[in-house]
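Below is one structure; the comments refer to it alone.
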Amino acid sequence: MDAMRGKTDGGEKVKARKDVALAAYDILDTPGEAEFDDIVRVASETCGMPVSLISLLDRDRDRQWFKAETGFGQSETPLSQSICAYTVRQDDVFEIEDLTLDTRTANNPLVTGGPQVRFYAGAPLRTADGVALGALCVLDTKPNKLTASQAFVLRTLAHQVVTTLELRRSLRLRKESDRRNKAILESAVDYAIVSLDLDGMVTSWSPGAEQILGWDEAEMCGKPAHVFFTEEDVAGGVPEREMGAALLHGRGADERWHVRKDGSRFWANGEMMPLRDEDGRHEGFIKVLRDRTTQRNAAAKEQADAAFMRGVLSSSADCIKVLDPDARLTFMNEGGLSVMEADDFNQVKGCDWTGFWQGQAQADAKAAFWTALAGGTGHFQGPAETLKGKAKWWDVQVTPIRGPDGRPERLLVVSRDVTAQRASEQRIVESEQRWRGLFEGMQEGFFSGEILRDADGRVFDYRFVEINPAFAAHSGLKVETVGRTVREVIPGIPGWVIETYARVVDTGVPEVFEITVPELMRTFEVRAYRESENRFAAMFIDVSERRRADARRAALAELGDRLRNTGDRTEIARVAAEILGRTLGLSHAGYGDVDHDRETIAVGEGWSAPGIPGIGGLHGFRDYGTYIDGLKNGHAVIIDDVTEDPRTAGDAGALAAIHVRSLLNLPLMEHGRFVALLFALKAEPYAWKPEEVSFASNIADRTRAALARIEAEERQRTLNLELGHRMKNMLAMVQAIATQTMRNATDVNTAKDVLAGRLIALGNSHDLLLGGEVGAAPIGSVIRGALRTHQDNPGRFVVEGPTFTVGAKAAMSLSLILHELATNAAKYGALSTAEGKISVAWEVRQEADEPYCALRWSEEGGPSVEPPKRTGFGTRLIGRGLAGSFGGEVDLSYPVTGVVCTIDAPLRGLQAEDTPPP
């Protein structure tokens with residue numbers, strides 16, 4: 001049973017092989033053709049038989065089908081009635097002289113009834129691979145027998161049938177390859193495709209190149225490619241570097257300015273690839289260029305130069321020879337003499353046939369000879385020259401011619417000139433490899449499809465016919481999707497997509513549209529064209545980044561418009577967060593103010609995606625990771641996946657609780673200090689792109705600028721109020737000084753000088769305050785400013801003490817007091833002599849949990865001093881001014897060596913801003 005099963009399995013494999021081979025010829029059920037009809041007529045007439053058939057065994061449909069017949073009147077019969085089924089098992093002509101006497105055919109309906117055939121002879125139709133497709137047979141209604149010549153003719157005609165089938169198949173494959181290549185070229189209308197030789201000279205120039213660059217092919221062929229590069233790139237050797245990169249790396253890419261025929265420039269990206277022959281030798285370059293200046297593709301793509309692919313292989317006469325057992329030529333037909341370029345058979349008669357071959361071909365010829373001499377069929381293909389030295393390629397079959405005893409007596413050699421066919425097949429292979437490389441190497445996705453219609457002609461689906469790798473990558477579909485329908489692989493595809501492709505097929509008008517694939521977060525520009533009846537092709541160009549860039553630009557414009565019309569800090573932060581979150585597809589976005597002392601960030605209302613709770617409120621620096629030091633130093637924190645980054649992995653749970661898996665934190669700095677934060681968060685891992693980070697930074701900068709504008713306006717209002725308040729105090733002080741000065745004046749001139757000096761001192765104090773912070777000035781600056789007019793040499797004053805600020809009112813009072821002391825010293829004291837000096841020293845001490853300042857004015861080197869006999873305005877100003885201004889005590893003493901004035905006051909009084917004028 002096992003042995004029988006093995007035979008059955010083997011038989012099934014043989015049948016399957018035959019079925020596949022027959023299907024490859026696409027011959028079944030085709031109309032009649034003259035070249036096949038002529039063959040059966042020749043066979044019938046030559047053999048003197050009324051019936052001749054070209055029978056093909058169709059096991060899939062259990063029949064034998066006749067491609068051509070004469071005298072039979074039927075196009076097919078059941079396989080059970082086939083006598084040719086026995087012929088295909090033979091290596092040579094098979095005949096049954098009387099079908100009624102043979103057990104295999106005696107009960108055949110064709111014998112017992114119907115045409116009542118009695119004689120059968122057939123030659124197997126065997127392919128170059130040894131597979132028998134059927135038979136060429138002749139039938140007679142009486143017993144008969146073929147002569148040797150008739151058998152020879154039948155065998156030769158059978159070989160001619162196979163030759164014709166082979167040529168038909170080659171032509172069909174050629175047409176299919178032409179169609180596919182044409183579809184690729186016609187759909188890629190946005191490219192200029194230029195081929196160059198090894199010296200960089202143009203050898204072909206596509207219509208797309210003419211559309212984009214302006215020159216036509218006649219102008220450019222034989223010219224250097226330098227003409228469409230800019231002068232500076234040519235001078236810099238850019239074309240040569242591209243060719244070098246293509247050779248070194250297999251691809252040379254560039255993106256730069258190029259030049260059109262009219263001299264205008266356009267920005268384009270392109271690739272240069274090496275062009276190799278079938279042996280892998282470098283024979284030139286392919287340059288593919290695309291105009292990216294206006295994002296519109298050229299109106300045409302290079303038309304394939306396929307003249308060599310449109311030729312149709314023609315069959316040539318077979319060279320038929322007969323060899324003796326020593327492989328010597330004893331016969332050659334006229335056609336053979338012609339194809340071998342022999343003038344006379346005597347030129348080759350008696351020659352060793354294997355001597356016409358060289359190298360491996362000779363070894364193959366000898367092997368075929370010995371196979372046939374042993375009773376088998378020898379077959380090989382190889383090169384050999386004609387008698388006049390013309391090289392040709394031959395398909396050779398060697399079969400035995402048997403003698404009366406059934407042994408091979410002579411050998412029949414049929415050599416078919418397949419030079420043209422082989423050359424054509426080689427060109428097809430080369431072309432297929434070239435265009436297949438372009439098809440598979442395209443960065444744009446491409447597929448061709450077939451529209452499917454129901455019984456009423458309504459479109460309901462389309463089937464994928466071909467897919468390139470780029471389309472598979474863009475769409476997420478596998479290349480194996482070919483053969484399946486789009487609704488099978490994408491059940492939820494919108495109906496308008498199928499309708500659009502159907503409209504392209506029905507009208508023949510190309511259409512351009514966009515389609516978005518949410519799962520891939522990509523948008524494609526689709527260019528669809530009709531390829532043939534019910535067939536279309538579509539090219540997918542990824543415009544996702546262009547759309548995202550447009551969205552970012554629109555978002556920035558919207559932000560500018562909305563921020564320009566609001567003065568509310570909360571609204572500014574809310575608008576910025578909303579636009580940032582909506583544009584980048586975030587889970588959260590917002591703006592927060594930094595408190596360094598508390599190490600917190602206060603987030604306002606912020607923005608959150610629909611269905612996700614907000615995260616406004618107070619957050620600690622280290623609640624969600626260990627990256628705060630980077631923010632303090634002004635560095636953006638960009639984390640694609642918080643679960644994998646060491647800065648956030650430990651707090652991934654806390655981040656997940658607020659729907660955060662990736663984050664972008666941008667610090668806002670002022671004078672090198674981290675003052676605010678703009679954050680962008682996503683609920684899934686995400687690789688942040690540089691352009692998105694730049695967009696967020698732009699949002700942050702504009703938001704901070706808007707807030708700074710509001711803060712500046714608020715500071716200006718505060719400053720105006722302060723200046724107004726100070727002006728009122730100044731005027732009150734001037735009024736008091738003027739009143740007291742005039743009250744104690746003895747004459748107008750003296751009063752004028754005294755008043756002028758006091759007002760100058762007051763003005764100096766005011767200038768000093770305006771040069772520092774509003775309402776305060778360093779005490780050292782106040783003292784030196786008050787004494788500046790009396791500084792007649794560098795050693796006149798010694799001023800020393802710790803630094804602290806003095807409030808506005810105290811600064812004015814202290815300036816006037818020092819002015820009075822300096823004026824008196826100039827009249828009567830140390831400043832009235834060249835050797836006199838004055839020391840102004842102060843110190844700060846802690847007393848009863850409150851700091852105090854003690855300031856001491858002391859004179860030396862002047863005339864002897866006596867206490868005044870009466871108290872003038874200056875003395876009263878000194879005594880009452882500080883005591884009344886900030887709760888201090890003043891002590892004036894008059895030692896002989898010089899006046900000493902000691903001022904002792906609480907520090908808070910000196911630094912207060914709201915003290916009344918003296």
Side-chain angles (χ1 to χ4, degrees), residues 176-177 179-191 193 208 251 253 269-271 273 286 288-290 292 295-298 301-302 304 432-452 459 461-505 510-532 534-548:
E176 178 62 22
S177 179
R179 182 202 62 74
R180 183 166 58 251
N181 293 335
K182 183 179 179 183
I184 294 173
L185 289 175
E186 290 182 350
S187 62
V189 294
D190 300 329
Y191 294 90
I193 303 177
R251 187 182 300 272
N269 62 14
E271 291 192 48
M273 296 163 285
I286 286 289
V288 181
L289 194 68
R290 186 180 184 197
R292 301 295 292 178
Q295 299 299 311
R296 290 180 299 174
N297 299 309
K301 190 179 186 317
E302 180 187 20
E432 177 69 19
Q433 290 174 344
R434 180 177 301 172
W435 297 117
R436 174 60 60 179
L438 176 62
F439 175 72
E440 294 182 351
M442 291 169 57
Q443 295 182 355
E444 283 70 24
F446 176 89
F447 83 89
S448 60
E450 179 182 16
I451 293 296
L452 301 179
V459 174
D461 206 345
Y462 66 80
R463 179 183 293 108
F464 290 102
V465 176
E466 196 162 18
I467 290 175
N468 78 338
F471 177 79
H474 289 340
S475 65
L477 302 177
K478 297 180 179 179
V479 176
E480 292 75 15
T481 303
V482 168
R484 303 180 66 187
T485 72
V486 70
R487 291 198 185 277
E488 284 183 90
V489 295
I490 310 176
I493 188 170
W496 66 265
V497 177
I498 299 175
E499 293 168 2
T500 301
Y501 290 139
R503 188 166 57 250
V504 168
V505 167
E511 293 198 23
V512 179
F513 60 93
E514 287 190 359
I515 188 169
T516 298
V517 183
E519 296 80 4
L520 301 176
M521 293 187 294
R522 286 181 175 179
T523 299
F524 299 96
E525 181 180 270
V526 183
R527 296 175 176 266
Y529 309 85
R530 182 170 68 183
E531 187 177 276
S532 62
N534 279 340
R535 293 277 291 271
F536 66 92
M539 180 172 288
F540 280 60
I541 302 172
D542 192 342
V543 295
S544 307
E545 187 49 44
R546 187 174 73 192
R547 290 291 173 262
R548 286 192 284 265

Test of ring centre spacing under 6.0 Å for Phe447 and Phe536: yes
Shortest non-hydrogen contact between Ala502 and Val459, atoms and distance: CB-CG2, 3.7 Å
Rounded distance [0.5 Å steps], CZ in Arg503 versus CD1 in Ile451: 11.0 Å
Worked check of side-chain contact (heavy atoms from CB on, under 4.5 Å) between Val482 and Val465: CA-CA 5 Å; Val482 168; Val465 176; 5.7 Å; no
Ion pair Glu450/Arg463, N-O distance below 4.0 Å: yes
Over all atoms of both residues, closest heavy-atom pair of Asn468 and Phe471: OD1-N, 2.9 Å
Check: Arg290 and Ile541 side chains under 4.5 Å, non-hydrogen atoms: yes
Val512 vs Val526 side-chain heavy atoms within contact, under 4.5 Å: no
Nearest atoms (heavy-atom pairs only) where Val505 meets Arg535: CG2-O, 3.7 Å
Results of side chain to side chain contact (heavy atoms under 4.5 Å, CB included) for Val489 - residues two or more places apart only: Phe464, Leu477, Thr481, Arg484
All side chain to side chain contact (heavy atoms under 4.5 Å, CB included) counterparts of Pro491, not counting sequence neighbours: none
Steps toward side-chain contact (heavy atoms from CB on, under 4.5 Å) verdict (Val497, Ile515): CA-CA 9 Å; Val497 177; Ile515 188 169; 3.8 Å; yes
For the student: nearest non-hydrogen atoms of Glu531 and Ala537, plus distance: OE1-CB, 3.9 Å
Spacing of Ser448 atom OG and Tyr462 atom OH [to the nearest 0.5 Å]: 11.0 Å
Atom of Glu514, atom of Trp496 and distance for their closest heavy-atom approach: O-CH2, 3.5 Å
Point-to-point distance, once rounded to the nearest 0.5 Å, from CZ of Phe513 to OH of Tyr501: 4.0 Å
Results of side chain to side chain contact (heavy atoms under 4.5 Å, CB included) for Val504 - residues two or more places apart only: Glu511, Ala528, Arg530
Spatial distance of atom CD1 (Ile286) from atom CD (Glu271) [nearest 0.5 Å]: 12.5 Å
Side chain proximity check, Arg546 to Glu525, heavy atoms < 4.5 angstrom: yes
